[in-house]
Structures are given as C-alpha cells and as structure tokens.
Amino acid sequence: MVFRDIASAYATNVSFTVYRSDPGDVWPATFTTKLRFAGGSEITVDTGAGWGDYHTPITGNLTLSPVSTNTSLEYLFYATQNGESVVRVNGIESIYLISVPEPTVVGMLALPLAGWILVRRRQAR
C-alpha cells in the first residue's frame, strides 16, 4: 500500500506521524513502513514487530536533500506475514521544514537586476 504526499520545494526536513490503530484493535501490526523521497531509495522507519491490542503511532524525522520544485514523499507499507498481517492506517501527518534563502542571497540577486533595469531605461530614452 502506498500513500503519496507532496513535499514542498526547498524542504530540508519532515517530521511525520503514522497513526495505525484504534483502541479496540486486536490484529497484528506486522507490516513494515518505509519512506521514499523524490523517487530515491526506500528508508525503513518501522519494522512492524509486535502484537497486541493497541499499536502506538510511528513517529520520526527525516532529513531531506532540498530540491527546487515540489516533489513526492511516499509512505510505503509492506505486509510481512502472509495471511496474518493487516495493514491499517488511520492517518498520516507530515510537517515540513522549508529553508528560506539568507537575506544576502536576495541582495546578491537584486543588485544585478537593478543594474539591468537602469541599462534598459537608458536604452529606452
């Protein structure tokens, strides 16, 4: 089972929570949870080990290599025991940290732009 989220451009980190149980559940949580950012390698975030009535949410942080456009963050769920595994997800929460360019970068971009505008105005006269 795959859930696809849209990661914002320039995201440097994602904090995630996968809610996977209701208080009344009596099923084995034997499914592996992995993440894949921008079509890259799969990263295991939970092996699904354990039995019982309630399964705590899967939480974590993942450092991302920022890209200049929106891209995908995929949550992949794999059943680990044939015939005895149930993949049940009640919700997924992704919170992205987005890098903001330093003010000096904006200044470095604004200076050439201002010069170009002055040249264009002089040429228009």
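Below, each value reflects all heavy atoms present in this structure, side chains not excepted, and no hydrogens, waters or symmetry copies.
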Check: When rounded to the nearest 0.5 angstrom, what distance separates CD in E74 from CZ in R36?
Finding: 4.5 Å
Notebook entry, point to check: Could you state the interatomic distance from CD (E42) to CG (L76), rounded to the nearest 0.5 Å?
Noted result: 5.0 Å
Notebook entry, point to check: Okay, side chain of R20, backbone of T56: is any donor-acceptor separation there less than 3.5 Å?
Noted result: yes
Next item on the list: Name all residues meeting the salt bridge (Lys or Arg N to Asp or Glu O under 4.0 Å) criterion together with E93; count only those two or more places apart in sequence or in a different chain, and write none if there are none.
Entry: none
Check: For T47 and T32, which heavy atoms make the closest approach, and how far apart are they?
Finding: O-OG1, 3.5 Å
Next item on the list: Treating Ile, Leu, Val, Met, Phe, Trp and Tyr as nodes and any side-chain heavy-atom pair under 4.5 angstrom as an edge, say whether Y19 and F3 lie in one connected cluster.
Entry: no
Next item on the list: Taking atom types as modelled, find out whether Y78 and T33 have a side-chain donor-acceptor pair closer than 3.5 angstrom.
Entry: no
Checklist line | hydrophobic_cluster_shared for M1 and I58, side chain cutoff 4.5 Å | finding: yes
Notebook entry, point to check: With a 4.5 Å limit on heavy-atom distance, are the side chains of F77 and V2 in contact?
Noted result: no
Checklist line | Closest non-hydrogen atom pair between A9 and I98, with its separation | finding: O-CG2, 3.7 Å
Notebook entry, point to check: Which value, rounded to the nearest 0.5 Å, describes the distance between L62 atom CG and F37 atom CZ?
Noted result: 8.5 Å
Next item on the list: Locate the shortest heavy-atom distance separating A11 from L64; write the atom from each residue and the value.
Entry: O-CB, 3.7 Å
Check: At their closest point, which heavy atom of F16 faces which heavy atom of N61, and how far apart are they?
Finding: CE2-N, 3.8 Å
Notebook entry, point to check: Roughly how far, to the nearest 0.5 Å, is OG1 of T17 from CD1 of I95?
Noted result: 6.5 Å
Note to self: Which residues pass the side-chain contact (heavy atoms from CB on, under 4.5 Å) test with I6, not counting sequence neighbours?
What the structure shows: N70
Next item on the list: Mind running side-chain hydrogen bond (donor to acceptor under 3.5 Å, both in side chains) on S94 and Y75 for me, showing each step along the way?
Entry: CA-CA 10 Å; S94 304; Y75 292 84; 2.6 Å; yes
Margin query: Starting from L97, can I reach Y10 by hopping between I/L/V/M/F/W/Y residues whose side chains sit under 4.5 Å apart?
Written below: no
Checklist line | Candidate pair Y96 and L73, rule side chain to side chain contact (heavy atoms under 4.5 Å, CB included), full reasoning | finding: CA-CA 11 Å; Y96 295 94; L73 176 68; 3.4 Å; yes
